[in-house]
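Here the structure comes first, spelled out in C-alpha cells, and everything after it is commentary.
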Amino acid sequence: MVVDEKLKLLSLTEKVKLISGESMWRTFPIERAGIPVLKVSDGPNGVRGDGGRAAACFPVGICMASTWNTALIEQVGADIADEARSKDVQVVLGPTINIHRTPLAGRNFECYSEDPYLSGLLASAFTIGLQNKGVGACLKHFVCNDSEFERHTISVEVDERTLREIYLRPFEIAIKKSRPWTLMAAYNRINGIYACSHQYLINEVLKSEWGFEGLVISDWFAAKETVENAKGGLDLEMPGPAVAWGQPLLDSLNRGELDEQVVDDKVARLLRVLDWSGRFDQPDEKSENAIDQQQHRDTAYQAAAEGMVLLKNTGLLPLQAKQLSKLALIGPNTHSFRIMGGGSSAVRPHYISTPMEALAERLPQTELVSLPGCLTHKFIPAPPRQWLSPTAGDAGSVAGLLGRFYADTEREELVLERAIGAATVHARDNIRAVVLEGWLSCESAGVHTFGLLSTGKARLYIDGELLIDNWRNVLPGEAFFSQGSAEQRAELDMIQGQSVQLKIEYEVAPDKNFKAVRYGILGPQPVDGIKDAADLARDADAVLLMVGTNDDWETEGNDRLSLALPGDQDELISKVLEANPNTIVVNNSGSPISMPWLADAPAVIQTWFAGQEFGCALADILLGEVNPSGKLPITFPASLEDTPAFTNYPGEFGKVHYGEGLYVGYRWYSSRSIQPLFCFGHGLSYTSFEYSAGSIVEQNVDGSVTIEFDLQNSGERLGKETGQGYLQ
C-alpha cells in the first residue's frame, strides 16, 4: 500500500513535521518522500479557501436541518465538494453537529439540531455527498462544544449515559453510516480532560469501538498539551506553526516519553487521507478559482426555500400580488439582513439575492417603500464604501482607505501598500504595525458616531486631532473570538458635503492568534425611527416586517445574552402591527427568539440565515410560488427560564454541569409538560395533510421500529410534508 511505502521513507523528524501543521490551512509537504500538502478549509455552508476568491454560500446548518431532507443535504454536500475542488481543498471543515443545548449558544446557527438522531442523519447525508466526489468531510466539534462561554478551557461535566445518547450519538451515526475522512477535536474539556487529549473518547470510543480510520485534527489553536495530546489520540495539530507539537513533540520522543509507533499511527492516518483524496496522483497545488455554477445556485435556492419555516399564518399568506399597490418593507433586516452567521463558517459569496430586488422583480406593478425603523448593531457598523477615499477629492472613485503595512512598530520597514475597502483589516504574521489613511465625505449633516476596536493598540484621528484613544488602558472585549478590545466610541458633528481626513494607527499584539483592527462609522439617525416606520406602514396595503439578529450577535466566540431581539425591535414590531394588521413578521435569525407580540401577528416566517438565494426563496414563499415545508429542528421556548439548561448555564469556576441529563430539547418540554412557543418539528403549510391508518408493524432486530401510515395532501396546493415518529 502507498501508505506503508511512504511511512517507511520517513525519518522521525519528518514524521513529526507531517503531523504538526505548516500554516493556517496546510500541512507540511515532504518532497523527498513524495508527500504533498494536505489543504483544508472552512466550512459547513461553503468553501472559503484562502479567502480571496468568491464561493457559493449555502444556507447555514440550522436552515439546512429545517428541510429534514437528507437527499437535499446530500446534494448540498456534493455541490460543496465542487466548490472545494475549485479551491484545491482536500478536506472541508464540516459539518458542525454539536447539539443545541441552550438557545443562547452563539454557534447554534452553524449546528443542525437539538436532536441527536436528526443531526446524525443529516451529517451522514452531507458527508456522503461530499466524499462521493473525492473531498473529505471533517465532523466537528468532538465533543460537547455546545456553547461559546470559556470555550477554550471550560470542563463539561456530564454522565456517561447522557454523553453517549445525546452528545456522542450524532457523531456515532455519521461515522458508522458515512465513514468521514477526518474529525475535529474540540477546545473544551470533558470531565476535566481536554478533548484533544481524551484517551477514552478518541482512542477507545472513536477509533476502537466505532472503527474510525480517519484523521483526528485539533480545532484551531486547541492543541495545548504535547505528550497528553499524543497519547490521547490527536493526529494533527492545526494550524501551523505548531505550538504543542513540532520541536516539543520531537524532544519528547527523543527523551523516551513516547513510542515512535504512536506517531506512526498518526502519520499513517494523514497519509491515508492524502491517498483517499487522490493527492498523491495530483501533488501540485493549483490556484484557487471562483465557480458560479447554475447547479449550485439551484441547490442553494432549494435548501433556502425548504429550510424557511412558516411559524404562524391566520390567512394573510400567501400574498395576492394583484391586491398589492403598495408594499412596505420595514425593519433593520430589510437591507442589513444576514445570509450567514459570524466566525469561521463565513464565506465571500458570489452574489446575494436581496428581498427588495426579488420582490421588485416579482411585483413590477407594486410600489415598494422601505425604512429600517431601528438599529440592532452591537458594534458601530462599517460605513458605506462610497463615503471613503484614499485621496482627497476622489470620494467614490476608489472606495476605502489607503493601508500601509509595516514590519516594525517604528513604521520604517514598509511591507505592503494598497487601498482597502473593508472596515476590518487583518495583518499577516510578519506585520507589526498598520496605518489606514484617507478621506471621509459627509453625505448627511448631523452627528456621526465612530467606533474602534482591535487585537492590540489602535487610535483614530480626524484632521490630525485624536478622536478615539484605544492605545492606552485597552479594555478586553468580545470581538475577534474574545481576543479583541472593547469598542471605544466617539461622536463628531459634521456638515453635509464636508470632507475630513481620517487616520487610524494600529499596533499588532504579537501574542494574539488574530491580528486585526476594525472601525465603524454611523451616520445621523432619525429622531423617532419607530414612529416613522409606523407611519409608513399605515399607508401600505401590507407590510413585510424584517427583524432578527446579525453576525454581531450570532457568531463563533460569543453566546447571546438573552432570547430578546436586539435593540428596540420588539417595540417596532408592536407599533407596526398596531398601525397595519396586514403585517408579516419575517425573523432573520439563526436561533430562537422571544416573541412578546406573537398574539397580534397574523403571520410569522423564520428564515434563518438562508445563504445567497435568501431573497428569491423568501419572495417565492411570500407570494405562494413555493409552499413552505420547513420544520423546526429546535424548540422555540416561551421564556429562557423554561429551557432545559437554564440552571446549568453557562457554568462557573471553569465547569459547566450538564445537569439536565438526557432531557435536552423537546424531551425536556414533553416530560415536564412545559408548553413552548413553538414545538420541535413545528412548521405550517399553505395546504393541509391528513394522516391515517397509523400502526406499529414490527420491532426490528436492531431495536428500531417500523411504522406504516397513510399520508394524503387534502388541500388545493402542491406541498411537501415530513412525517415524524417519536419513540419513547
Tabulate below the donor-acceptor pairs under 3.5 Å that side-chain atoms of residues 562-578 make, not counting sequence neighbours, or state none.
{"unit_1": "S562", "atom_1": "OG", "unit_2": "A564", "atom_2": "N", "d": "3.2"}
{"unit_1": "Q569", "atom_1": "OE1", "unit_2": "G548", "atom_2": "N", "d": "2.9"}
{"unit_1": "Q569", "atom_1": "NE2", "unit_2": "G548", "atom_2": "O", "d": "2.8"}
{"unit_1": "Q569", "atom_1": "NE2", "unit_2": "P566", "atom_2": "O", "d": "2.8"}
{"unit_1": "D570", "atom_1": "OD1", "unit_2": "W597", "atom_2": "NE1", "d": "2.9"}
{"unit_1": "S574", "atom_1": "OG", "unit_2": "D570", "atom_2": "O", "d": "3.2"}

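- In this structure, N313 contributes its side chain and L317 its backbone to a donor-acceptor pair below 3.5 Å.
- Within a 6.0 Å sphere centred on CD of E716, other residues, nucleotides and ligands contribute 12 heavy atoms or fewer.
- Closest non-hydrogen pair, N550 versus H377, comes out as ND2-CA, 4.3 Å.
- Ion pair E625/R362 not flagged as a salt bridge, since none of the NZ, NE, NH1 or NH2 atoms sits closer than 4.0 Å to an Asp/Glu carboxylate oxygen.
- Under the 3.5 Å distance criterion, the side-chain polar atoms of R107 are left unmatched by any main-chain donor or acceptor of G341.
- Counting heavy atoms from C-beta on, the side chains of R560 and E554 come closer than 4.5 Å.
- Between N145 and N98, the shortest heavy-atom distance links the atoms O-CG, 3.4 Å.
- Looking at K140, its side chain never comes within 3.5 Å of a backbone N or O of T96 through a donor-acceptor pair.
- For the side chain to side chain contact (heavy atoms under 4.5 Å, CB included) test, residues two or more places apart in sequence or in another chain that qualify with K720 are N69, Q302, E306, S629.
- Ring centroid separation for the pair Y666 and Y726 comes in under the 6.0 Å cut-off.
- For Y167 and Y658, the distance between ring centers is under 6.0 angstrom.
- Taking the ring pair (Phe, Tyr, Trp, His ring centres under 6.0 Å) definition, one finds that Y112 meets it with nothing, sequence neighbours left out.
- The side-chain tip of R101 does not point at the ring of Y649 from less than 6.0 angstrom away and within 45° of straight on.
- Applying the side chain to side chain contact (heavy atoms under 4.5 Å, CB included) criterion to T424, with sequence neighbours excluded, gives H426, F480, R518.
- Shown here is Q365, whose CD atom has no more than 12 heavy atoms of other residues, nucleotides or ligands within 6.0 Å.
- Annotation for F689: atom CZ counts as buried by contact number, over 12 foreign heavy atoms lying within 6.0 Å.
- Between the side chain of N713 and the backbone N or O of R717 there is at least one donor-acceptor pair closer than 3.5 Å.
- With a 4.5 Å cut-off on side-chain heavy atoms, W68 and Q724 count as touching.
- For NZ of K326, the number of neighbouring non-hydrogen atoms (other residues, nucleotides, ligands) closer than 6.0 Å is greater than 12.
- Annotation: cation-pi pair R297/Y351 present, NZ/CZ under 6.0 Å from the ring centroid and within 45° of its normal.
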If you look only at distance, which donor and acceptor atoms sit under 3.5 Å apart when one is on a side chain in residues 443-451 and the other is two or more places apart or in another chain?
{"unit_1": "E443", "atom_1": "OE1", "unit_2": "W387", "atom_2": "NE1", "d": "3.3"}
{"unit_1": "H448", "atom_1": "ND1", "unit_2": "G446", "atom_2": "O", "d": "3.0"}

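- Partners of F337 under the ring pair (Phe, Tyr, Trp, His ring centres under 6.0 Å) rule, at least two apart in sequence or in another chain, are F614.
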